[in-house]
Protein chains: 2
Amino acid sequence: MHLLIAEDDKLHRAFLEKVARNTLADLNVLTMAEDGAEAIQEFDAAEYDSVILDLQMPRMTGVEVAKTIWAKKPSTKILFWSNYTEEAYIRGITKIVPSAAVYGYILKSAPAEQLKLALQGVFVAEQCVIDREVRGVQQRAGDRLLGLSELEYEALVDLCLGLTDKAMAARRNVSLRGAQSRLQHLYQKLGLDKGDIPVGEWGPTYNSRTRAISLALSQGILNADALRKEEENLRVWMGRQQK
Amino acid sequence: MHLLIAEDDKLHRAFLEKVARNTLADLNVLTMAEDGAEAIQEFDAAEYDSVILDLQMPRMTGVEVAKTIWAKKPSTKILFWSNYTEEAYIRGITKIVPSAAVYGYILKSAPAEQLKLALQGVFVAEQCVIDREVRGVQQRAGDRLLGLSELEYEALVDLCLGLTDKAMAARRNVSLRGAQSRLQHLYQKLGLDKGDIPVGEWGPTYNSRTRAISLALSQGILNADALRKEEENLRVWMGRQQK
DNA sequence: CCGAGGTTTGCGGGAACCCGCAAAAACACT
DNA sequence: AGTGTTTTTGCGGGTTCCCGCAAACCTCGG
């Protein structure tokens, strides 16, 4: 078994290494990487069947690393190991996992026991192991009522990137009114119906457009990492446009 | 010497404890807390002269903890120990540190050697020890040209909370035009002058209002934590208003 | 084939926002 | 007091945004 670990925090890295060595019997190769880019590089340099990824690393998110790894070799078993249950990450992962792939998602706050189980489950038994809390978020996102639809999510992304309505329309190939309509639905899902925003003597307190961003952030639907990545996508699109 | 450590991550907590015991000779009491609220509670329960705080903890940020601790006992020596150099945190700290207080700021990524030095420096020699990188950010924030002034920062906060112009005006006790003027200056500092935003066939690409949030986030001037805290402040103000 | 649910589009009005100009006011520093 | 910087304010016009209404459209399952 050939295992690659990517984790930027020194202590966590050492801890992972120790636990992995203790729990995995047929561990032949174990390599450590300190950030996402390095992980990719290492993955290309040798043969690995199993990977442990921290989300939230400098230079390249765990989600991005997983994406490129699975693109090269979909059979790779990946265990995500993260601090948070941010919806942004979870949405990102479920969107890129190949149908046949084996993966797991476990929180850093979990006791060492659970980590061992997850290691065995994913890398040896080839099961998908997903933390209870994470599972909860995942379900909510899949639910059409509570979570955002893919379209609404796109609108949210564009909104958070600071695009105008017209720019969104152009990017998503819909009419101006189409883009606005999507925003409307987004506002509704986030609880920004006209009646719901508090009113003072100064008039309505919130601007739907900006308030939506605020809510999305505080609910973890989006985070700074995800934004950086989307910013990159946007740049790509803009590059294609001006040709 | 009576030391209180607040840190939510298990591994880091253990590491801190070990290093502290090894480096600090006259260590009489050492207590651990797993989040901000607990830290305050513990601080009230016994006598401490020294504290190590993680920023980014559940329930209460390290910055908030420091604020209440210094309010009770300004002579307390505090060492901040964090993952990032986010401007939001640094700005928060420099705003609340009492003039006479001794404190330090060190990154988790620093080698153990530096941590030892910081412990000695802050708790024994009573010097202020601030990491090089952090220092850099601190300076930039103080600079009138690159960083945001206090007023502009306030405007940014209100903007990110999703307030309307009128609501900002009411909250900050200025005219409507006054609030807008502050926004204007903010846009300028962030590089959103009319000429600077790219234009496609669809017209200007960015909406200044939302783009400002996007930039602030990606530059770390503000983060989700800081926002949550400001959200609280806003709620307080709104409560006072409706009386 | 039809109907239900979701999505897109046009139209139109009212509100909010962006911003240039210019004068007053506040503040710091000498 | 005097000068310079920063901040506030009013005015006004052009733009963008928000959103209700209604019609077209698409897709999926009966």
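Letters A, B, ... are given to chains in the order of the sequence lines, protein chains preceding strands, and every chain is numbered from 1. Below, each value reflects all heavy atoms present in this structure, side chains not excepted, and no hydrogens, waters or symmetry copies.
A salt bridge links B:D44 and B:K72; the closest N-O separation between the charged side-chain nitrogens and carboxylate oxygens is under 4.0 Å. Salt-bridge formation is not detected for the pair B:E133/B:K108: no Lys NZ or Arg NE/NH1/NH2 atom is positioned less than 4.0 Å from an Asp or Glu carboxylate oxygen. Ionic pairing of A:R91 and A:E150 is present here: one or more N-O contacts between side-chain nitrogen and carboxylate oxygen are shorter than 4.0 angstrom. A:R235 and A:E232 are joined by a salt bridge, as a carboxylate oxygen and a charged side-chain nitrogen come within less than 4.0 angstrom of each other. Remark: A:K95 does not engage A:E87 in a salt bridge, criterion side-chain N to carboxylate O under 4.0 Å. Of the charged side-chain nitrogens involved, at least one lies within less than 4.0 Å of a carboxylate oxygen, so that A:R182 and A:E154 count as a salt-bridged pair.
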Protein heavy-atom contacts under 4.0 Å, written 5' to 3' over nucleotides 23-29 of chain C as B (base), S (sugar-phosphate only) or - (none), form the string -------
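Rounded to whole Å, atom P of C:dC17 lies 18 Å from atom NE2 of B:H185. Per the geometry, CZ belonging to B:R211 stands 18 Å off P belonging to D:dT16, to the nearest Å. Here the P atom of nucleotide C:dT7 and the CD atom of A:Q188 are 11 Å apart, to the nearest Å. Taking atom CG of B:L190 as the reference point, atom P of C:dC19 lies 13 Å away to the nearest angstrom. As a whole-Å value, the separation of B:I197 CD1 from D:dT16 P is 10 Å. Atom CG in A:L183 sits about 15 Å away from atom P in D:dT16, given to the nearest Å. Following rounding to the nearest Å, B:E152 (CD) and D:dT6 (P) show an atom-to-atom distance of 10 Å. Here the C1' atom of nucleotide D:dT16 and the CZ atom of A:R209 are 8 Å apart, to the nearest Å.
Within the 4.0 Å cut-off from OP1 or OP2 of D:dT8, at least one side-chain nitrogen or oxygen of B:R182 is found. An OP1 or OP2 oxygen of D:dT16 is reached within less than 4.0 angstrom by no side-chain nitrogen or oxygen of B:N207.
When each of C:dC18, D:dT9, D:dT16 is scored by its nearest atom to the side-chain atoms of B:P204, the top-ranked nucleotide is D:dT16.
Between B:Q180 and B:L151, the residue anchored nearer the 5' end of DNA chain D, judged by the nucleotide with its closest heavy atom, is B:L151.
One side chain, A:E64 or A:T61, offers a donor N or O that lies under 3.5 Å from an acceptor on the other.
Residues from residues 153-175 of chain A that place a heavy atom under 4.0 Å from any atom of DNA chain D, listed by number: A:T164, A:D165, A:K166.
Residue-to-nucleotide contacts include a donor-acceptor pair under 3.5 Å from the side chain of B:R177 to the base of C:dG20.
Across all strands, B:L176 comes closer than 4.0 Å to no nucleic acid atom at all (heavy-atom distances).
Taking both residues in full, the closest heavy atoms of B:D54 and B:D8 are given as OD2-OD1, 3.1 Å, listed atom of the first, atom of the second, then distance. Smallest separation of non-hydrogen atoms from B:S214 and A:C160: CB-O, 3.2 Å.
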